[in-house]
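Down below is the structure, laid out as C-alpha cells.
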Amino acid sequence: MNSNKAKHYKSKYKYKSKKHYYRVKTKAKSKVFDGIKQRFLNFFSYWTKKNLRKRRNWLDLENASKLFPSVMNSTDTKVFRFTATIKDDIDPQLLQMALDQAYKHFPLYHAVLRRGIFWYYYEESELNPIVKKETDYPCRSLFHYDKKKLLFRVLYYRNRIHLEVFHSLSDGTGASWFLQLLISNYILLRYPESRSQRIELSEEFQNPRYEFSTQLDDSFARYFHKQKKSKSITDKKPVNNNKPKKPKWKRVHRIHGLRTQDNRMQIIESEMPVKDLLQISKQRNVTLSVFLTAVFIEAINKTIKNKNKNKNNNKEYSITISVPINLRQYYPSYSARNFFATTLIGYTFGQEGKKDTLDEICDCVADQYSTATQIENIEQKLYSLAKLEKNVAIRTIIRPVKDVILRIGNDINNLNITAALSNMGKISFPQNIEEYVDQIYVYTAASRPQFVCITHKDVLTINFSSPYQDTEIQMNFLRRLTEMGIPVTIGANEVNPPGIKQQEIEHEIL
Amino acid sequence: MKFCNSCKVKIKGSRPICPLCKQPVVDLAETELTKYDLLKEDLPKAETANADFSKNDIAKNDSSFDPFPVVPLYFKQYTLLTVLTVISVIVYGIMLLIYLNFPESGLLPRYIFFALLSLWLLVSAIVRKRRNVAKSILYQLNIISLLLLLLDKISNWSGWSITYAIPLLACVALFAIMIAIGFIQKEFGDYVLYLGAVAIVGLIPLLFIIFAWVDVLWPSILSISLSSLMLTLLIIFRYRLIVHELKKRLHL
Ligand SMILES: [Zn+2]
C-alpha cells in the first residue's frame, strides 16, 4: 500500500508547475496524433511508398514448358530430382551458403510461376531458397496456383544433396548446370583442401551458361518461330519423298497397376559400372541408349507375358517408349530453360517370322533412333509445334479452358505411350571437386513406369520411378543386367511404411 | 548392405525384403565383401572398373543406411468443400422429396435451394481465394450481387436488389478492398487490378439509371461517384503499374 501511495504522489507532483503540466500534456497529445497519422500513412502506404509499387519483370513460358503446369497433378507433379552423394554427411549451413552463391548466378531460378488470363508466366521474385532436411517423399509438387513459391528446392539427407526442380522451369540439362555449381560451391566450402590447388575449371564450366541473357534465352522461339525457313541451320527441306515409314503401332500396351497408397512415387535407384555396360552394348554394336531401351522393352514384355500366362493370344501388340531428345546438341544454346523434343521408340511383338529376341529388339530400336535423331525429322516436328503455339485461335482461348484442352490432349497422346526413359548422358565436375562426389542419381515424378539414367565418373545410375506398387518391370530389367554379369547395387524408398499416418497439411490441393 | 539371392543385386539399407521381388534378403557379410574386394585388388587397376566400384561400396559399407527417410503415409482429409457439397445435395434432395409429397408447402424449396446455393458459392469462393484477400472480395461482390438479384427475382420482383442492395454492396466492397490492401502492406501490383475491377463493378449502377430501372437514385449515384473517384485516382497515380500488370496477365 505504501509503495502505491508513493507512486501516486510522485506522479501527481511530477510536474514542476501548471505550465509545465500543460506542455507535457500537449506533447503527449501530439504524440498520439503522430501515432494515428503514422498509422494512417502506413495504411495507405501502397499509394505513397515506392517499394510497394514495384513493377516486377516477367517472362513468357517457352513452348515445351507450357504443357507442364496444365497437366500436372498430385501424382505426376512434373518435378524431377537430382541427387548427389558426397563423401561425408551434409553440413546444412555450408549447403545453405553454397546455395545462396549458386542462386545468384541463376536468375531463372528466382522465378515464381503465376497464372494469367491466357497463359501462365514467370514472375521475378525476391524469395530466398532455404535448404531443408529431407522428410518428405521424393518429387512432391512445387507449384501451387495461388502461392508464390520458388520452382525448385534443395534438400539434404545424410550424405545426399537433392535438387528438385519443376519441369516447367528447366529441363534436366539446365538443372544439371545448377547442380554442378551448387555441388562445386559446397565442396569448396566443406573441404578447404579442395581449394588448395588452383581450381581447374573444365571447359564446360567456362562457357556462357552463367551469363544471364543466355540462360534466359528462349531457344525454342529463337530457332523455330521464324517466318523465313532459310535461316534454319539445315538448308534441307524436310524429306518427303523418302519419308521414313512411320512405324505403325499395333495396339499399344499401356501399363496399369495398383497405385501406391498415398500416391507417392516408387523410386528404385540402381548403380553399376558403366564400362561393363558399354562393353556389352558394343558387343551388340549398338549405343548405350539403344541397348537400355531394348532391355526396357524386353522387361516390359516379360512382365506382360507373365501376367497373361493363361491367355494364349497371338495378337500383335506394341510397346512404345517416349524418349526426350536434347536439342542443344543440334542448336547451339546455353539456355537453362527447357529445350528438348520427344520421340517415340517402339517394338511390335508377335510379328510373323520374328522371335522377339533382345537382338531383334535392339536392331529395330537402333533403326528408329537413327531416324529419330536426324535433324530434318526433328525440325519438321518442331516447326509444326511452333506453328500450333502461334495459332491465333489457340492463343486467345482463356487459360482455364486451355488447361482442360491440354490435359485432354495429353491424355490422348499418352494412349500411345507405354513407358518413358531418358538418358542424361555424362555429368562431370571440375577435377578438384570430382573426388568428393560419389554418385549422381536423377529421377522424375511419373504417371507410368519410367527411368532416367546418368553417368558420373565410371558409374552409371539407372533410376526408376513409378506410381505403382508393382516392381516387376524394374525387377525384370535389373535381373536381365545381372544375368549378363553386371554388378548392380540398388536402393529404394519405402512405399508402404509401417506405423502411423500423418495428415496432409502443407500440400493440400483444394 | 543386403543381398537378394534371386535378383543377384546388392541392396542399400537395412530393409528385410528385396524391393524388386519382395523376397527376404540376406546380410552381405563385410568379411565376404572384403575378400571379394581383395581378390579384385590383386588385378591391375586400370583394367577393372569393377574393383573401384566395389571398393567404393566398402568405404560406404560401415555407414550403410537407407538412402531415403521413412515417410509416414499421408491420409487424405475430406476438404471442407467436399463435405459442404455432399450436405447441400442431401438437404436439397430431402426438401425436394417433401415438396413432391406435400406440394402445399409452396415456395419453400426455392428458398432452400437459394440458401444452399449461396452457402456453397460463398464458402467455395472464400476457401479457394483465401490467399488473396483482394481477389476474394471481388469474387464475393460478384457472387453476392448475383445472388441478391436472384433472390429478388424468385421472391416476386420488386427491384430492391438493384435499387439499394447492389449499389450499396459495391460501395462496401470498395471500402473493404481498400482496407484489406492497407492491412496487407504488400506490393500493390498484386492487388491493383482487383481494386480497379471492384471500382468498375461499382459503375454498373450507371446502367440502372440510364435504362431507368430504378426510381430511388441516391444509392446508384453514391456507388458511381465513389467508383469513378477511385478509378480516376488509379489512372492518375498508378497508370504505369496498371498497364504493366495488364500486359503481364493478358499477354497472348
Ligand atoms: Zn530380389
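The model shown is predicted, which means the values in this text are computed figures rather than measured ones. These values consider heavy atoms only, across backbone and side chains, with no hydrogens, waters or symmetry-generated copies. The sequence lines fix the lettering, A, B, ..., with proteins before strands; numbering per chain opens at 1.
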Does any non-hydrogen side-chain atom of T83(A) lie less than 4.5 Å from one of T461(A)?
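When only atoms from C-beta onward are counted, T83(A) and T461(A) do not touch, as no gap falls below 4.5 Å.
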Side-chain contact, heavy-atom cut-off 4.5 Å: P19(B) with I490(A)?
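When only atoms from C-beta onward are counted, I490(A) and P19(B) do touch, with a gap below 4.5 Å.
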I need the residue from [options] with the largest number of non-hydrogen atom pairs under 4.5 Å to chain B.
options                           : value
D470(A), D89(A), T396(A), T471(A) : T471(A)
T482(A), I268(A), V495(A)         : T482(A)
E123(A), K133(A), E472(A)         : E123(A)

What part of [X] lies closer than 4.5 angstrom to a heavy atom of chain A: side chain, backbone, both or neither?
X       : value
R15(B)  : side chain
F183(B) : both
V70(B)  : side chain
L234(B) : both

N496(A) vs Q469(A), test: side chain to side chain donor-acceptor pair (under 3.5 Å). Steps then yes/no.
CA-CA 9 Å; N496(A) 292 313; Q469(A) 302 234 4; 2.9 Å; yes
Give, as side chain, backbone, both or neither, the part of [X] having an atom under 4.5 angstrom from any heavy atom of chain B.
X       : value
R160(A) : side chain
K402(A) : neither
R56(A)  : both
Y120(A) : backbone

Salt-bridge contact E269(A)-R81(A) (side-chain N to carboxylate O under 4.0 Å):
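The answer is no: the pair does not qualify as a salt bridge.
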Residues K12(B), E271(A): salt bridge by 4.0 Å N-O rule
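Counted as a salt bridge, because a side-chain N and a carboxylate O are separated by less than 4.0 Å.
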Between [X] and [Y], which heavy-atom pair has the shortest distance, and what is it?
X       : Y       : answer
S74(A)  : N263(A) : OG-ND2, 4.3 Å
L20(B)  : C7(B)   : CB-SG, 4.0 Å
Y194(B) : A134(B) : CB-CB, 3.8 Å

Taking every heavy-atom pair that is under 4.5 Å apart, which of C21(B), S124(B), C4(B), G189(B) has the most such pairs with chain A?
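The answer is C21(B).
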Hey, which of K247(B), E245(B), M178(B) has the most heavy atom pairs under 4.5 Å with chain A?
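Among K247(B), E245(B), M178(B), the one with the most close pairs to chain A is M178(B).
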Closer than 3.5 angstrom, by distance alone: can the side chain of R399(A) be matched with the main-chain N or O of G116(A) as a donor-acceptor pair?
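Yes: the side chain of R399(A) pairs with the backbone of G116(A).
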